[in-house]
Each structure stands twice: as structure tokens, then as C-alpha cells.
Amino acid sequence: MAEHILFLTGKLAEKQLRRTIEDMAPDFDYTVHVLGITVAALMTADMIKRRLTDTFGADRILVPGRCRGDLDALSQELGIPVERGPEELNDLPEFFGKARKRPDLSRYELLIFGEVVEAPHMDVPAIIRRAEAYRRDGADVIDLGCLPATPFPHLADAIKALKSEGFLVSVDSLDPENLLLAGRAGADFLLSLNEETLWIADEVASTPVLISTPHADLDSLDRVIAKMQVKGRPFIVDPILDPIHFGFTDSIVRYHDVRRRHPDVEIMMGVGNLTELTHADTAGMNAMLLGICSELHVRHILATQVSKHACKAIKEADLARRIMLAARESNRLPKHIDDGLMALHERAPFLLSLAEIQELQAAIRDPSFRIMISAEGIHIFNRDGLWSDNDPFALYPYLGIENDSGHAFYLGVELARAQIAQELGKRYAQDQPLNWGVHSRVAEDAPADPNCYTPQGQP
């Protein structure tokens, strides 16, 4: 027997809800019930408790995603499960399509080495603070970068302090003395050993990251790999990712060749040579590079956050590695798994067309302003009319708020958000901050609590 779902909604959304469910061709029975309110987003658990007198024989009740209140208590009161649906009606098909099996993003296999590039210029407490920030963003190993011709007298102290705080530590240097000191101080990894410095691996227990000399010479890399295999020691290979126009494409081919030659070795990719040295948003670069890593089973990356435009590179890589593993293991494209790396744009930014917004405005019976966006522009409306433009300043003369500074400030903030969303192709929901994906402060600091009410935006 098919499941029977009761959808609760408001007057304005009823027609769209019915049309959306019908277009889904659902495999369940359903009832759409208007709870006696105009705007579905204003629905609360208390309101449902007071007004819902019939559950229509449903097996569960689905309420709007923005419905506030304690639904667990309501479920006990009604004797039937009450659940929140998606915040936007247009997301309802996806909500049902993925409800039973959402990708598991708790897992990953790739380790992120977060490099503290300027470590020689930082004292130990500052290094610890940076390491803690990197760990919060997803770094598994803290890499201490040694700068050429720059003393690092507190290198051993920094390693010991990090280890005491539970960090895995790597040290990045081409100076054999630094590498030897780091290994003896307890570093877990050493970046990087070549044919000339491979002897250091015999002196310390640290896992070496191997490079060739010169770095494009795969025969040199083969030789150091063979020597480490004879020793029976774990190691990681770094074929070196080069910047764009300085060997980037050849270096991608080199990674493929190394994997072909050595199907089972552990490989590292220094993604910073692309994210740091390309002035473009890093989320897409991280997604692409970690997609390559996923295909080639590259399970270590060295990430840096030196340039200000790359200040979230570790956090992006953390999400990218989870998405790519989920996609690979389920044999699917890395689409519709998580939108966190889509910081600037969204899959479906405009929920309603201008015609649908006009239809919505015609049903409004109160003076409160609603703001929505479509492909045609920004729209602000109430019972008295609908005004549209791409420039928020052009809308001001129609609003009648010259003598209401609080209201003017509120509408100014909302129209500015709407303009940004409309120009970029992002979702806009009045009274809600824009979602910047993995960069969103809302996601980081204060996830919305559906049991609490959103403070009024309008004074």
C-alpha cells in the first residue's frame, strides 16, 4: 500500500505545490491542505497544533522547510511523524529523490598537508594557533615550511609543541640539515628527499616524500622509488605540479605516467602551485585538481594559504575530497552531491518566473513588501503593485519610505542582497543571508535552528 503524505501549506503556495507534486508523478498518495494562512513560511508548530483538525489518514505530514517549532513534540501530539520539507518548493522533487540515500560525506581517503609557509618568522604559540585553524578547516598534517637562507632556530621546538598537541607534522625543506633535525625531533613526514639526500631516510624514522632531480626526470624518480622499496620503508612520491604556462599540462601528464609506472605507490600533489599562482577563485581549481587526484588515487596533497585569494583553500579541499570519494565509490558524476563548492552560482537560482511572481502579487492583500528575483531582474511588490528593475536605486521612488529610516535601511539591505544574487545567479530568500557555500559564515558559525524564530528584519 502506497504511503500517504499530508502536505501543509499556505494560500499563496497551494497552486504551485499541487503543480510541483503532480509533475513529480509521485509513487505515494498525498493530500494538500491549506492551514488557513497566506504565507507558508510563517507556519509554526504551535499553529499546526491549534488549526489542524484532520490528518486525512496520512502516514506522515510534511511541512514547509522554514516552519519553526518543535516538530518532535508535535509528532507525539498528533500521533503521526511531522517532518520539514525543503525550504523552496522547486526543491521538492530532489528532496524526495535523495531522501532515501544521500551521499555520505563523512568519509575521505586523501590527506591534506596544510603548509605554514612563513613558519620561520613565527614563534611557537603562533604556529600552534595557525595549526589549530588549519585543523578546523580540514588539514590532517601540519607542514612547517622552511624558507631558503632563513634561520629556523625553533624548528625542533615547534615540532615537539605540535606533536604534544596531537598534530601530525611534516617539514618542507631542501636543506639536509633542516630535514635531519626535523626527523630527529619527531616529524612524521619529510619533504622532500631526492637521489642526493635519500641517505637521510636511513637516519630518521620519518616518512619521506620523494622527488626527482630535475623534477621532470621520471627515470630519477624511478630510481629513488626502487631504493626505498628495497629498504621496505613507507614513502610518498611527488611528481611536482607546475604552474600554468610553466609546465602545467606536462606535469598533469607526469602524474598519470607515474601512476601507470607505479600502480601501488602513494603519491602527493602540491596543489598550491595552481591555487596560489592563478588569480581565479580557488574552489573550482580545488574541485578539478582533487578530481584528478581521485581518478589517479593520489591520496596526499600539500595545500597553502599564502595569497589572500587562497585563504579558504584548505576548507575547499576538505569538501572536494569528500565529494570526489562519494562520486567515485557510487560510480557517478560529482554532481548533485553537495553545493558547497558552488560559491558564486547555484544550480537553480530563480525559483519563479516573472509571470509567476506577477500571479503571486495579485493574491497579496497586505502592504508588506516582498522581494524576489528572476532572470528578468529584481522585483519588489505588495498589494499596491509590483515594481521591477536591475538597479535597486531605481525602485526607491515607488516605495514610499522617505520618512521611515528603519524600514528604508531594511529594504536597502534586502535589495542589495537581491541585486548581488540576481547578477551572480544565486538563490535569494528575503530575510535570509546569501549562501556562499563552503565560505558562508552562516554555515560556519550559526546554522539555522528550526526550533527558533528568525528575528524580524523589518523594524
Side-chain angles (χ1 to χ4, degrees), residues 111-128 130-131 134 139-164 167-218 220-225 227-228 231 233-243 246-247 251 266-273 276-277 300-307:
L111 297 184
I112 298 173
F113 287 55
E115 183 176 6
V116 183
V117 176
E118 64 274 45
H121 299 306
M122 302 168 64
D123 61 22
V124 173
I127 290 173
I128 295 295
R130 180 71 59 83
Y134 282 3
D140 305 283
V141 182
I142 300 304
D143 181 71
L144 299 178
C146 297
L147 301 173
T150 303
F152 197 166
H154 52 297
L155 173 59
D157 290 339
I159 294 169
K160 292 173 183 177
L162 286 167
K163 295 294 294 180
S164 70
F167 291 96
L168 292 174
V169 181
S170 66
V171 172
D172 189 352
S173 176
L174 293 177
D175 184 340
E177 292 185 8
N178 281 337
L179 292 173
L180 194 58
L181 174 63
R184 289 171 175 167
D188 300 281
F189 304 90
L190 298 180
L191 287 70
S192 303
L193 303 187
N194 54 37
E195 287 189 274
E196 295 180 358
T197 58
L198 195 59
W199 60 269
I200 296 174
D202 295 326
E203 303 292 327
V204 297
S206 312
T207 298
V209 177
L210 308 178
I211 60 174
S212 58
T213 48
H215 76 260
D217 185 353
L218 291 187
S220 172
L221 197 59
D222 288 343
R223 290 192 292 269
V224 291
I225 289 173
K227 290 178 181 178
M228 287 302 299
K231 296 176 188 296
R233 290 274 305 280
F235 61 90
I236 303 168
V237 175
D238 185 358
I240 308 296
L241 183 72
D242 289 317
F246 291 87
S251 67
E266 294 293 339
I267 300 178
M268 171 178 283
M269 179 181 287
V271 296
N273 274 353
E276 293 282 346
L277 303 178
H300 307 79
I301 65 166
L302 180 64
T304 55
Q305 296 189 165
V306 181
S307 300

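Predicted model, so just to flag it, every value in this text is computed and none were measured. All heavy atoms count here, side chains included; hydrogens, waters and symmetry mates do not.
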Taking the side chain as C-beta and beyond, is there a heavy-atom pair between Phe113 and Val271 under 4.5 Å?
no

Any donor-acceptor pair under 3.5 Å linking the side chain of Glu115 with the backbone of Leu302?
no

Exercise: identify the closest heavy-atom pair between Cys146 and Phe152:
SG-CD1, 3.8 Å

Only residue of Ile211, Leu221, Val224, Leu210 satisfying side-chain contact (heavy atoms from CB on, under 4.5 Å) with Glu195 is Val224

Determine the minimum heavy-atom distance between Lys160 and Ala185, stating which atoms define it.
CG-O, 3.9 Å

Keeping to residues at least two apart or across chains, list the side chain to side chain donor-acceptor pair (under 3.5 Å) pairs with something in residues 203-218.
His215-Asp242

Decide yes or no for Leu198 and Met228: does some side-chain heavy atom of the first lie under 4.5 Å from some side-chain heavy atom of the second?
yes

With Tyr134, which residues qualify under ring pair (Phe, Tyr, Trp, His ring centres under 6.0 Å), at least two apart?
none

To the nearest 0.5 Å, tell me how far Lys227 NZ sits from Asp222 CG.
12.0 Å

Ile225 vs Phe235, test: side chain to side chain contact (heavy atoms under 4.5 Å, CB included). Steps then yes/no.
CA-CA 8 Å; Ile225 289 173; Phe235 61 90; 3.9 Å; yes

Under the criterion side-chain contact (heavy atoms from CB on, under 4.5 Å), which of Leu168, Val169, Val116, Val141 is the partner of Leu162?
Val169

Just by modelled atom types, is the Pro148 backbone N or O under 3.5 Å from a matching donor or acceptor in the Thr150 side chain?
yes

Nearest heavy atoms of Ala201 and Arg233, plus distance in Å:
O-NH1, 2.6 Å

Taking the side chain as C-beta and beyond, is there a heavy-atom pair between Pro176 and Ile200 under 4.5 Å?
yes

Any chance CD of Glu177 has more than 12 other-residue heavy atoms, nucleotides or ligands included, within less than 6.0 Å?
no

Hey, could you give me the CG/CD1 distance between Asp140 and Ile301, rounded to the nearest 0.5 Å?
9.0 Å

Nearest non-hydrogen partners of Met122 and His154, listed with the distance
O-NE2, 2.6 Å

Inter-residue atom distance Ile159.CD1 - Ser164.OG, 0.5 Å rounding:
12.0 Å

side-chain contact (heavy atoms from CB on, under 4.5 Å), paired with Pro120, selected from Leu155, Leu147, Asn178:
Leu147

Can you see which heavy atom on Gly183 is nearest to which on Leu190, and at what distance?
N-CD2, 4.0 Å

If you take all heavy atoms of Leu241 and Ser251, which pair is closest and at what distance?
CD1-OG, 3.6 Å

Could you give the distance from CG (Leu111) to CZ (Phe189), rounded to the nearest 0.5 Å?
6.5 Å

Let me confirm one number: the CG-CZ distance from Leu144 to Arg130, rounded to the nearest 0.5 Å.
11.0 Å

Could you grab the distance from atom CG of Leu193 to atom CD1 of Ile236, nearest 0.5 Å is fine?
11.0 Å

Evaluation steps, side chain to side chain contact (heavy atoms under 4.5 Å, CB included), between Asn194 and Ser220:
CA-CA 8 Å; Asn194 54 37; Ser220 172; over 6 Å; no

